[in-house]
Amino acid sequence: MDMTEFQTRASALTQDLTLGYDQKVRMLAALATEALPYPELSPPCREALDKRVICDMYEGHAPFTPRYVLPDYERALREGIDFLELEPPEDLDDALAFLQIMYAHVPSVTTYPVYLGDLDSLLAPYVDERLSDDELDRKLRRFWIGMDRMVPDAFAHLDLGPDDSRLVRAMLRVERSVRQVVPNITLKVDPDRTPDDLIEDAVRTVFETGKPHFVNHPMMVADHGDGYAAVSCYNSLKIGGGAHTLVRLNLKEAVLRHQGGADAFLSDTLPHYVELTAELAEARIRSLVDHQRFFDSHWLATEGLIDIEKFSAMFGVLGLAECVNLLMVHEGLDRGGQARYGHDAEADALAVRVMERLAALVAARPVPYCQGGGGRAYLHSQGGIDIDDGVTAGTRIPVGDEPALLDHIGTCAPHHRLFTAGVSDIFHVDETAVRNPEAVVDVIRGALAAGMRDFTFNLDDNEFVRITGYLVRKSDLAAIADTGSARHTSDHLAAGSEAAYHLTQRAVKRIGCRELHPK
Amino acid sequence: VSEPGSTTGLIADTLRTSLVDGPGNRFVVFLQGCNFDCVACHNPQTIPGHAPVDGHVPIRRTVDSVVEEIRDVAPFIRGVTVSGGEATQQPAFLRSLFAAIKADHDLQRLSCFVDSNGACDQTTWDRLAPVMDGAMIDLKCLDSEIHQSMTGRPNDQVLVSIEHLHRIGLLHEVRLLLISGVNDAPDLVERTGRWLATVNPSMRLKVIGFRSHGSRPQEPPLVEPSQEELGEAADILRSAAPFEIEIV
């Protein structure tokens with residue numbers, strides 16, 4: 001970017017009447033790093049990035065924070081924080097204030113914390129029977145409002161479960177009562193530990209606010225150990241660690257550059273692009289760790305609340321549906337478009353082959369500073385960003401082409417175990433479910449038993465609209481249309497997607513998510 | 001004597017998953033054939049003498065084949081509901097199906113429900129009782145004459161079924177399908193509430209508004225009750241006893 005372009009873009013931001021002061025500061029900072037040189041890439045890697053076969057999610061040219069940071073809040077509460085001059089809290093009020101202060105200082109690519117803690121277990125030591133339910137709800141409600149107003153970004157995510165407790169019930173109750181965009185929430189579900197009526201309580205909460213997501217706790221623990229959390233949208237990472245960066249490979253673009261059949265794609269084209277994607281990740285990680293030296297300087301690292309040994313990178317994929325459907329055409333097996341992903345056993349089997357091959361390639365490619373993933377990047381099914389056009393997020397079935405619920409699960413479930421760092425398939429549930437939340441509990445249990453890592457559902461006709469992982473309120477979107485401004489940064493992202501995807505005009509309410517500022 | 005698994009039933013259709021046929025997510029079997037001929041029936045093709053719906057030809061299937069279909073979706077469901085047509089018109093199939101589920105190690109956790117018009121004798125229920133977890137009974141009308149005009153049959157067996165199922169602990173709920181101007185007169189609803197209260201004052205009731213979509217055209221056309229009218233009916237019922245009422 002030359003100085004003229006820089007100035008044009010900076011002026012556009014400073015003079016934008018729809019952005020708040022804080023939003024301008026953050027976007028100007030992001031713009032500034034785009035004026036810096038990009039980490040050095042090989043010519044093929046650079047070309048693949050320019051053509052967006054591979055993508056850096058527009059994280060900036062000089063990454064000075066990891067994309068996702070998951071502080072060890074439990075340790076912080078236990079030991080206090082020197083940097084912030086915070087003593088370990090002694091009661092619930094102290095603990096809530098402690099966390100709220102800490103949130104103001106936790107970095108991420110969004111500039112807001114993407115992980116707010118496993119809040120039920122974090123706060124359990126400060127709640128006893130002397131505190132009435134009423135009092136507890138009032139304190140939590142105040143805290144909930146604080147999160148939404150002070151961390152105005154729907155990628156800010158807290159985790160609950162897998163065990164039932166007074167706190168998790170109170171938090172779901174408060175969540176239903178405040179009906180806010182923030183926090184995003186995940187309920188960890190362990191089929192043996194999480195009782196049906198807690199899942200049902202969470203399902204009723206989804207009916208009200210579109211949250212929480214449900215994750216497969218045993219599968220997560222097998223991949224990450226006990227200390228994991230779901231953060232941002234569908235990113236599962238180690239607590240005390242995180243993800244340096246997220247790079248993604250567009251499988252549709254890869255297959256468009258491929259001549260020949262599926263075998264040749266798996267043996268030549270796919271490894272080529274996997275290597276370029278890994279190179280991009282590596283260059284960005286070295287910039288973050290060796291040149292910006294985040295881990296040598298940030299207080300979270302120096303106070304032991306994060307540990308680079310628990311970090312890795314996220315290797316995202318998208319466009320599996322188009323990739324498979326195009327390969328079916330190359331193979332002459334597509335039966336005029338009938339045999340496609342989500343609708344044909346052969347296409348589904350090919351999808352599994354592509355993903356298993358890709359997983360093996362990623363597992364064979366060492367990436368520096370990725371000890372959290374055993375020296376390898378984590379595979380991630382990437383939920384899409386608003387510039388994506390004609391390509392389906394992650395490993396999803398294209399919007400509007402999804403088969404019936406159980407077939408949909410049958411197509412998607414085999415992929416989930418591969419995505420250590422998260423995967424999402426969003427299911428739409430008929431409004432009749434409101435009268436029968438137990439039925440949704442049954443479907444969630446079945447989905448997890450079928451091997452799904454994450455189960456997320458939307459209820460038709462809800463005020464909250466899911467932009468893949470994060471939520472917006474329809475009324476807020478309407479306000480942006482009227483006035484152009486919004487309090488939540490993520491609302492702007494959604495508005496961009498809304499314009500591109502005509503969200504409010506379509507029956508199926510899934511659109512790409514974008515975790516950075518709109519261009 | 002044949003094996004229970006080879007018992008056959010005439011089946012109109014199956015649904016792998018349903019949110020509206022009893023508690024939780026359920027597999028549903030619709031049996032072909034009915035002893036009623038209801039004006040408001042949503043599956044008229046299951047009644048003998050009515051035209052089949054395109055592509056839905058009833059087929060004779062064994063218990064085993066249905067059990068295998070259930071096994072396929074078992075992780076996703078809480079139970080199985082047999083509906084119709086009228087489920088109790090094929091009692092041997094019904095009993096064998098439920099028995100097969102209860103005898104199967106992987107399926108025995110599934111609850112077995114019947115969705116019935118209640119027009120069968122007590123013996124049918126008593127034979128089903130060891131393998132059935134509950135029955136959902138439609139009460140089309142407490143007034144037998146109106147019942148006759150709505151269904152082609154009197155309601156004496158239906159009322160006895162409701163009493164008997166409650167007595168043996170297998171009455172899951174009673175459904176009241178209301179059609180404007182046919183069976184929703186306030187005094188009739190009030191009498192219905194009083195009678196149901198004598199059976200069980202804390203009974204689960206579903207008040208269902210008739211919907212013309214899917215049912216046969218009538219002359220004059222049947223009228224859908226409004227949400228307010230359904231709410232008023234529920235209030236009248238509640239004045240009789242503390243029923244657990246859901247309006248659909």
Side-chain angles (χ1 to χ4, degrees), chain A residues 189-192 194-204 206-207 214 216 218-219 345 402-414 416 425 427-453 455 457-461, chain B residues 13-28 42 68-81 83 101 105-113 115 133-134 136 172-173 175-177 204-209 211 213-214 227 230-231 234 243-248:
Chain A
V189 178
D190 182 332
D192 296 331
T194 314
D196 271 354
D197 66 329
L198 175 58
I199 303 174
E200 189 179 323
D201 208 20
V203 165
R204 291 179 192 278
V206 178
F207 293 159
F214 301 84
N216 189 328
M219 182 183 276
E402 297 94 334
L405 182 69
L406 297 190
D407 294 323
H408 190 173
I409 292 172
T411 294
C412 297
H416 278 222
D425 293 287
F427 298 93
H428 263 254
V429 172
D430 193 278
E431 275 168 86
T432 52
V434 175
R435 290 196 296 269
N436 192 356
E438 294 164 309
V440 184
V441 175
D442 295 341
V443 171
I444 291 169
R445 284 196 177 277
L448 300 186
M452 291 195 65
R453 184 181 293 275
F455 186 87
F457 76 93
N458 278 357
L459 192 67
D460 284 333
D461 208 26
Chain B
D13 204 357
T14 57
L15 260 186
R16 297 168 77 202
T17 155
S18 166
L19 275 59
V20 294
D21 289 283
N25 193 28
R26 309 187 74 78
F27 184 94
V28 188
H42 281 79
E68 286 320 300
E69 202 185 340
I70 293 168
R71 192 184 310 285
D72 220 31
V73 300
F76 295 92
I77 57 175
R78 186 163 302 211
V80 174
T81 296
S83 181
I101 291 167
H105 179 265
D106 297 326
L107 304 182
Q108 56 190 212
R109 67 172 184 86
L110 299 178
S111 60
C112 295
F113 277 67
D115 178 349
D133 296 291
M136 300 174 284
H172 178 69
E173 70 185 16
R175 284 103 168 257
L176 305 171
L177 177 83
R204 279 173 53 94
L205 291 181
K206 248 188 199 140
V207 175
I208 305 172
R211 301 212 178 92
H213 180 80
Q227 277 302 309
L230 293 175
F243 298 120
E244 191 187 322
I245 301 181
E246 193 187 326
I247 301 173
V248 180

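Each chain gets a letter, A, B and so on, in the order its sequence line appears, and its residues count up from 1.
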inquiry  = Within the structure provided, determine whether A:N436 and B:E246 are in side-chain contact (heavy-atom separation under 4.5 Å).
reply    = no

remark   = Okay, A:V429 and chain B: the region with an atom under 4.5 Å from a heavy atom over there is side chain

Between OG1 on residue B:T17 and CD1 on residue A:I409, distance to nearest 0.5 Å = 9.0 Å

task = Measure distances from B:L19 to the heavy atoms of chain A and classify the residue's part below 4.5 Å as side chain, backbone, both or neither.
result = both

request  = Identify, with sequence neighbours excluded, every residue that meets ring pair (Phe, Tyr, Trp, His ring centres under 6.0 Å) alongside B:F27.
outcome  = none

note = Closest non-hydrogen contact found for A:T432 with B:V20 is CB-CG1, 3.9 Å

ask   = Side chain, backbone, both or neither: which part of A:A450 has a heavy atom under 4.5 Å from chain B?
value = side chain

key: A:L405 versus chain B, the contacting section by heavy-atom distance below 4.5 Å   = neither

Within 6.0 Å of CD in B:Q227, more than 12 heavy atoms from elsewhere = no

query = Any donor-acceptor pair under 3.5 Å linking the side chain of A:D442 with the backbone of B:G24?
reply = no

message = Please give me the minimum heavy-atom distance between B:F76 and A:V443, naming the atom from each residue.
response = CD2-O, 3.8 Å

remark   = Residue from A:E438, A:E200, A:R435 scoring the most non-hydrogen pairs under 4.5 Å with chain B is A:E438

